[in-house]
Protein chains: 2
Amino acid sequence: MNEKLNEINRLLVEVYDDVNRIEEFSIKQGAFSDISITEIHTIEAVGLYGSKTMSEIASQLEITMGTLTIAIDKLIKKGYVERRRSDTDRRIVNVCLTKRGKLAYRIHEKFHMDMVKAIMSDFSHEEEEVLLVALKKLNQHLKEIYMNGPKK
Amino acid sequence: MNEKLNEINRLLVEVYDDVNRIEEFSIKQGAFSDISITEIHTIEAVGLYGSKTMSEIASQLEITMGTLTIAIDKLIKKGYVERRRSDTDRRIVNVCLTKRGKLAYRIHEKFHMDMVKAIMSDFSHEEEEVLLVALKKLNQHLKEIYMNGPKK
DNA sequence: AATATATATTTTGATTATCAAAATATTTGG
DNA sequence: CCAAATATTTTGATAATCAAAATATATATT
């Protein structure tokens, strides 16, 4: 019994590490080698459509606004995002993607889709369904653990 | 079709982020709040039994030896590992866990097991089997992507 | 309206994790 | 014995992060 848990744990850890490495690798190789994974995630959080405030982005990424300010400064320098003060409330800063930022977003999105496609191509339709259900449960459970603390 | 891929992708990303947060949280709350996730992973790489050389640990963690030197310095200060020069080849440094290091290792291992147990408790025996197979395939696939580059 | 309080963001000062390249110490092959 | 190889550490740099202080603006209260 414990043996199976052990194997699942090992597989999860390996999958986790691999995803990390592959994502890192795909960025370093691609057309946008001047940005890091962290920066791609910031670009993702800004989103394709319209603009978001600093607080919105920071809370979505679960980082402080201080950290975000620096991240956005750098992304502006590199030409991926724009910063604009709101006209209606001049405390608020609106951030949106530039053309280049949107392109980076789309390419990263495609990378993710290709990865998932590659993974799924091995599965039968039935297995696919089970995996979907399993992932939902897994996700649900992790959220619960996160809410209530990991104590057993 | 694309819709399902999208959902699987979203679930995978969420699971990934949750695991990260939960692991972080579990360390910060527990008996070893003076070490980070990175440090726990270094402790894991040193391993419970015997000792490992700096090169072995660095290559396992895929970090440079310079980075590892600093990490080990800090873990020694905090009392989790010991450094000893080999008697047979005085260039080589052997690192092993202290009592405290071993305890941290075991507690982190238990955390992982508890998490997997919590996840699996929701699954029927059949689902469990499918998940195991799915994880194996997923893992296999990721390794292939990693080897051949993520280009489709 | 004037002032106090609240809100949104940036700045400051610090820490951790990381790398590449240079330096050091030791071993091994000729 | 010396040159080359090997194992590690040191150095100098950068990225990502936080908490707390500072700044700017809006809102509420008297």
Side-chain angles (χ1 to χ4, degrees), chain A residues 17 20-21 23-25 27-29 32-46 51-78 80-96 104, chain B residues 17 20-21 23-25 27-29 32-46 51-78 80-96 104:
Chain A
D17 289 348
N20 212 4
R21 276 195 219 103
E23 195 165 13
E24 189 127 18
F25 186 78
I27 293 172
K28 284 287 137 61
Q29 294 303 300
F32 299 102
S33 52
D34 63 335
I35 46 179
S36 64
I37 287 200
T38 309
E39 287 175 311
I40 274 285
H41 289 157
T42 306
I43 287 171
E44 269 187 320
V46 174
S51 59
K52 286 208 185 140
T53 68
M54 292 296 284
S55 342
E56 282 168 353
I57 301 167
S59 97
Q60 187 175 330
L61 292 171
E62 299 191 52
I63 58 177
T64 64
M65 271 196 293
T67 301
L68 184 61
T69 296
I70 291 165
I72 295 295
D73 284 349
K74 269 182 43 187
L75 284 173
I76 288 172
K77 254 189 216 143
K78 293 181 183 174
Y80 289 90
V81 307
E82 274 171 15
R83 182 191 257 136
R84 234 174 314 124
R85 286 215 106 91
S86 159
D87 283 333
T88 56
D89 182 342
R90 301 196 39 70
R91 291 169 303 181
I92 293 175
V93 167
N94 288 120
V95 180
C96 64
Chain B
D17 289 347
N20 211 5
R21 277 195 219 104
E23 195 167 12
E24 189 127 17
F25 185 80
I27 293 171
K28 284 287 136 65
Q29 294 303 302
F32 299 101
S33 53
D34 63 334
I35 47 179
S36 65
I37 288 201
T38 309
E39 288 175 311
I40 274 285
H41 290 157
T42 307
I43 287 171
E44 269 187 320
V46 173
S51 60
K52 287 209 182 138
T53 68
M54 291 298 282
S55 343
E56 282 167 353
I57 300 166
S59 97
Q60 186 175 329
L61 293 172
E62 300 191 53
I63 57 177
T64 65
M65 270 198 291
T67 301
L68 184 61
T69 296
I70 290 164
I72 294 294
D73 283 349
K74 269 182 43 188
L75 283 174
I76 288 172
K77 253 188 217 144
K78 293 181 183 174
Y80 290 89
V81 307
E82 274 171 16
R83 184 190 254 136
R84 234 174 313 125
R85 285 215 106 90
S86 159
D87 284 334
T88 55
D89 182 343
R90 301 197 37 71
R91 290 169 304 181
I92 291 174
V93 167
N94 288 120
V95 180
C96 64

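The chains referred to below are lettered A, B, ... by the order of the sequence lines, with proteins before strands, and numbering in each begins at 1.
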A:I72 has an atom CD1; how far is it from atom C1' of D:dA16, in whole Å?
14 Å
OP1 or OP2 of D:dT27 versus the side-chain N and O atoms of A:R91: is any pair under 4.0 Å?
no
So, is A:K74 near the phosphate of D:dA16, with a side-chain N or O under 4.0 Å from OP1 or OP2?
yes
Using a cut-off of strictly less than 4.0 Å, decide whether A:T69 has a side-chain nitrogen or oxygen near OP1 or OP2 of C:dT10.
yes
A:L68 has an atom CG; how far is it from atom C1' of D:dA15, in whole Å?
15 Å
OP1 or OP2 of C:dA17 under 4.0 Å from side-chain N/O of B:S36:
yes
Return the value, rounded to whole Å, for the distance between atom CG of B:N20 and atom C1' of D:dA16.
14 Å
In short, A:V46 meets A:C96 closest at the heavy-atom pair CG1-CA, 3.7 Å
Rounded to the nearest angstrom, tell me the gap between atom CZ in A:R85 and atom C1' in C:dA8.
8 Å
Let me know the distance between NE2 of A:H41 and P of D:dA15, rounded to the nearest Å.
18 Å
Touch class at under 4.0 angstrom, heavy-atom based, for B:I63 against every strand present
sugar-phosphate
Which listed nucleotide (D:dC18, D:dT9, D:dA7) is nearest to the side chain of A:I70?
D:dC18
Of B:M54 and A:T64, the one whose closest nucleotide on DNA chain D sits nearer the 5' end is B:M54
Check whether any side-chain N or O of B:K78 sits under 3.5 Å from a backbone N or O of B:D34 as a donor-acceptor pair, and report yes or no.
yes
To the nearest Å, how far apart are A:K52 NZ and C:dA8 C1'?
17 Å
Would you indicate which nucleotide in C:dT18, C:dT10, D:dA16 comes nearest to any side-chain atom of A:E39?
D:dA16
Side chain of B:V93 only, please: which of D:dT9, C:dT18, D:dC18 is the nearest?
D:dT9
Judged by atom type as modelled, is there a donor-acceptor pair below 3.5 Å linking the side chain of A:E24 to the main-chain atoms of A:R21?
no
Backbone of B:N94 reached by a side-chain donor or acceptor of B:R85 within 3.5 Å
no
For the pair made of CD1 in A:I37 and P in C:dC19, what is the distance, rounded to whole Å?
14 Å
Under-3.5 Å donor-acceptor pair between B:R90 side chain and C:dT26 base
no
Taking CG from B:N94 and P from D:dA7, how many angstroms apart are they, rounded to a whole number?
12 Å
First encountered from the 5' end of DNA chain D, between A:D89 and A:T67:
A:T67
Looking only at heavy atoms, which two atoms of A:M54 and A:V95 are closest? And how far apart?
SD-CG2, 3.7 Å
